[in-house]
**Student:** 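I'd like to ask you about the structure that follows.
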Number of protein chains: 2
Amino acid sequence: MQPARRFPQIRTLMPASDIEALIKLLAKLPGLGPRSARRAALHMIKRRESLMDPLARALAGAAQNIRTCSECGNLDTLDPCALCSDGRRDGSMICVVEEVADLWAMERGGAFKGLYHVLGGTLSALDGIGPEDLNIASLIRRIEAGNISEVILATNATVDGQTTGHYITDRLAPTNVTVSRLAHGVPVGGELDYLDDGTLAAALKSRRPV
Amino acid sequence: MQPARRFPQIRTLMPASDIEALIKLLAKLPGLGPRSARRAALHMIKRRESLMDPLARALAGAAQNIRTCSECGNLDTLDPCALCSDGRRDGSMICVVEEVADLWAMERGGAFKGLYHVLGGTLSALDGIGPEDLNIASLIRRIEAGNISEVILATNATVDGQTTGHYITDRLAPTNVTVSRLAHGVPVGGELDYLDDGTLAAALKSRRPV
């Protein structure tokens, strides 16, 4: 770059510190880099009443009100959460998921009417995450305490997710509870040509009579 | 989808309303859809002290403090902005840009030491944006008022950007000011093989003796 000879002391830092601070924080969100954080900041500054003020209030409100359910690990304004305290749900089934996002995904599907348990991650030797770092002890307590008849493992179909599932299966062996896991197979609406070989093999192995 | 026969009245709405409101607002940001907004919300809830609270404060602070410079249209906590009131900058040159983001891009480059003028968009017949919707009248006023010797058009190299540039050139014809525009050519570090034909043709046409 050509040195600015005529105006040697000029600072070329921009934007103003308030915007700079905002951009730096926005860039920490997943899916936003420095460039898209700048774009998001300008977008908000243009829409102060309709977006920036409401978002500031929503963030402050959520930061104050959202808590982790002491029973299942879900996030809600209530503790126990709305799911755990909903008497109409089937209290004999617990679906074990890795993260709250997975719980939301299950609920969007709407096919499961039991209770949940959020592990808060997966076992990972590489990242040094052991059983004591996850909500596994509380899962065992819930099962030992009550009338749970089935635990459905809905951890991700990744190596870490499946390892975690196996570990929980082992830990639950002494209890009388039935342990099941989500089926592997062809996604509904999916085309065979685009499927990986592992999924195809699993779908073939688990084929069902028509 | 299978109807939930056993529990007909169960609501399957999740997440809690506070998180829901936050996600809806986040999804309005450019670059974030519903899925990435959910991910961002969960990411923040996990990092309440380090990210969520600071971001809420930064948003509220920026919403309160940031204003548009009445001189050039830049965003700053001051009016006139730090650039306009910096006596070390060359007050005889004005660089005309479409948006504040373009001004930031120019400042990051650090090659320009004059003043700016932010149009706030481009002329667009399709979107019904005419000259009165942009900060063009204030640009004319600035040039008529003072010692401006050169106006550099740095609108985008798009159809709308170039149209806007032509329009401003016409409007400035009665004044004595020199009007220039950014050069077209091969980006520094760019490979010819990946360039579009229009850019290559422009670079060839504007070739310079070595």
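Order of the sequence lines fixes the chain letters, A, B, ..., with proteins taken first and strands second; residue numbering starts at 1 for each chain. Values reported hereafter were calculated over all heavy atoms of this structure, with side chains retained and with hydrogens, waters and symmetry mates removed.
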**Student:** How long is the gap from NZ on A/Lys28 to CE on B/Met52, to the nearest 0.5 Å?
**Tutor:** 14.5 Å
**Student:** Between B/Pro30, B/Ser50, B/Ala21, which shows the greatest number of heavy-atom pairs under 4.5 Å with chain A?
**Tutor:** B/Pro30
**Student:** Once rounded to the nearest 0.5 Å, what's the spacing between atom CD1 of A/Ile19 and atom OG1 of B/Thr77?
**Tutor:** 8.0 Å
**Student:** To the nearest 0.5 Å, what is the distance between CH2 (B/Trp104) and CZ (A/Arg35)?
**Tutor:** 12.5 Å
**Student:** With chain B as the partner, which of A/Ala41, A/Ala58, A/Ala56 has the greatest number of non-hydrogen pairs under 4.5 Å?
**Tutor:** A/Ala56
**Student:** Which atom names give the shortest non-hydrogen contact between A/Leu22 and B/Ala62, and what distance separates them?
**Tutor:** CD2-CB, 4.2 Å
**Student:** Any heavy-atom pair between the side chains of B/Ile45 and A/Thr68 that's under 4.5 Å?
**Tutor:** no
**Student:** Tell me, side chain or backbone of A/Leu42 under 4.5 Å from chain B's heavy atoms, or both, or neither?
**Tutor:** side chain
**Student:** For the candidates B/Ile66, B/Leu26, B/Leu29, which exhibits the highest count of non-hydrogen atom pairs separated by less than 4.5 Å from chain A?
**Tutor:** B/Ile66
**Student:** CG of A/Asp196: more than 12 outside heavy atoms within 6.0 angstrom?
**Tutor:** yes
**Student:** Would one find more than 12 heavy atoms of other residues, nucleotides or ligands at under 6.0 Å from atom CD of A/Gln64?
**Tutor:** no
**Student:** For A/Arg39, is it the side chain, the backbone, both or neither that has a heavy atom under 4.5 Å from a heavy atom of chain B?
**Tutor:** both
**Student:** If you count heavy-atom pairs under 4.5 Å between each of B/Leu78, B/Val188, B/Asp53, B/Leu32 and chain A, which one has the most?
**Tutor:** B/Leu32
**Student:** Heavy-atom distances under 4.5 Å only: say whether A/Glu99 touches chain B with side chain, backbone, both or neither.
**Tutor:** side chain
**Student:** Return the CG to CG distance between B/Leu25 and A/Leu59, rounded to the nearest 0.5 Å.
**Tutor:** 8.5 Å
**Student:** Given that the side chain runs from C-beta out, which part of A/Lys24 has a heavy atom under 4.5 Å from chain B: side chain, backbone, both or neither?
**Tutor:** neither
